[in-house]
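Working notes for the structure below.
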Amino acid sequence: MATTDSASSSIGEKTKGVIDTFSRFVVPNYRRFPVCLVRGEGSRIWDAEGNEYLDLFPGWGCNLLGHCPGPVVKAVQEQVARLIHVPNSWYIEPQGEWARLLSERSFGGQAFFCNSGTEANEAAIKLVRLRTNGERYKIITFQGGFHGRTMGSISATAQPKYQEGLGPLVAGFQYAPHGDLAAVEKLVDDKTGGILVEPVLGEGGVVPPPAGFLQGLRRIADDRDLLLIFDEVQCGCGRTGEWFAHQHFGVVPDVMTLAKSLCAGIAGGAMITTFEHAKHLRPGMHAATFGGNPIAAAAGIAAIRMIEDEGLLEHVARAADLFRQRLGGLRERCDAVRDVRVMGMMIGVELAFEGAAVVQACLDRKLLVNCTQGNVIRLLPAMTIAADEIEEGCDRLADVILDVAGRR
Ligand SMILES: *Cc1c(COP(=O)(O)O)cnc(C)c1O
């Protein structure tokens, strides 16, 4: 089998063929690495040329339990042979059971199921409007936040680079600086119906909330009768070592949106809200054809059970300590590392320079990482990652960062 020393210097024949097909038949809306991935297991993944990679960013945050986690694979295989899809005009067992498990692990209430994060946020936006029959339609969101790519969610996303050329945007979104409670108070008026925030900014650079911020938002929402919506599409479902990131801060939202890792790699999303508010999404006002389908539900249930059966929330706390220790050590040795932020398996290494060269050099060394906000190396490792994989990954990343920083 042909192997490549460097993904950037030579591309194997199989990979070339796949890339040719893409360039003719697939819309070019993604920047892709010239690598074709074919198989994964845990935190390892292999390409079409037989190269093995250590994956510290499995599935862009979707593969929370690593590649092809056994219990999820089994549950999906069993479900797909029994019932693949039926519309939401019928009852199915797994959707109800899935909703119960999520309710019991969050703040009670009910779930609306969909297929992605942006759809979950659209449901939350509709809920805000429906609660007051469209009278209080304004929603306050935060600079550096990310909520998805459909027109509602992109309008909620206060990052101009994603909105360029897409206007007119959906009306009613107002942006406040992240962490600025006074700015929020100022923006609230009699048309405001909600506040939407990521408890931990993901795409925005792995940024935890400043002290008192979520508590302050809760207070404002209570005082002004607003829905407090937490977008936990990236930070939820166990990634931070609690079931949901807001549980670290003792603040309970009225609405929470989930997707990415919700089904451990199968497409699935959900909006969770209290009984009191759920009733506003009355029959006919919202739907998702594939929402809560048997396969997504089976995967979602299996993911929750696997996290509990294997004690993975506790494992995340230990794994996070190891990352903190290793990457904190790097920060001490290297001035170009400005900050290391670890929220469980959500990790940002802020550099004093653009991170693209680091991502490329890591790829050359068979390590998969991501860069966001230009200079933050982002890791979203699997909850199942082993100590030796963390050490190997941090060593390789440290070598690359020291090397790239030294060449500047
Ligand atoms: C990825 C992401 C979304 C969008 O999810 P999609 O499934 O791509 O629609 C929304 N919010 C946050 C916080 C995300 O990280």
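Below, all heavy atoms of this structure are taken into account, side chains as well, without hydrogens, waters or symmetry copies. Residues take their numbers from the sequence shown, with the count starting at 1. In listed order, ligands and their atoms are each counted from 1.
Ion pairing between a basic and an acidic side chain is recognised when a charged N comes within 4.0 Å of a carboxylate O; Glu97 and Arg305 show such pairing. A salt bridge is absent between Asp189 and Arg136; no separation between the charged side-chain nitrogens and carboxylate oxygens falls under 4.0 Å.
Residues satisfying the side chain to side chain donor-acceptor pair (under 3.5 Å) criterion with Gln159, sequence neighbours excluded, are Glu203, Gln373. Applying the side chain to side chain donor-acceptor pair (under 3.5 Å) rule to Arg129 yields no partners; only residues at least two apart in sequence or on another chain are considered.
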With the criterion set at N/O pairs under 3.5 Å, what does the list of contacts between the protein and ligand 1 look like, atom names and distances included?
from: ligand 1; atom 1: 7 (O); to: Gly117; atom 2: N; distance (Å): 2.8
from: ligand 1; atom 1: 9 (O); to: Gly117; atom 2: N; distance (Å): 3.4
from: ligand 1; atom 1: 9 (O); to: Thr118; atom 2: N; distance (Å): 2.8
from: ligand 1; atom 1: 11 (N); to: Phe146; atom 2: O; distance (Å): 3.2
from: ligand 1; atom 1: 11 (N); to: Asp231; atom 2: OD1; distance (Å): 3.3
from: ligand 1; atom 1: 11 (N); to: Asp231; atom 2: OD2; distance (Å): 2.8
from: ligand 1; atom 1: 15 (O); to: Gln234; atom 2: NE2; distance (Å): 2.8
from: ligand 1; atom 1: 15 (O); to: Lys260; atom 2: NZ; distance (Å): 2.6

Would you be so kind as to tabulate the donor-acceptor pairs closer than 3.5 Å made by side chains of residues 350-359, with sequence neighbours excluded?
from: Glu350; atom 1: OE1; to: Arg341; atom 2: NH1; distance (Å): 2.8
from: Glu350; atom 1: OE1; to: Arg341; atom 2: NH2; distance (Å): 3.1

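Taking the six-membered ring where the residue is Trp, the centroids of Phe213 and Phe142 are separated by under 6.0 Å.
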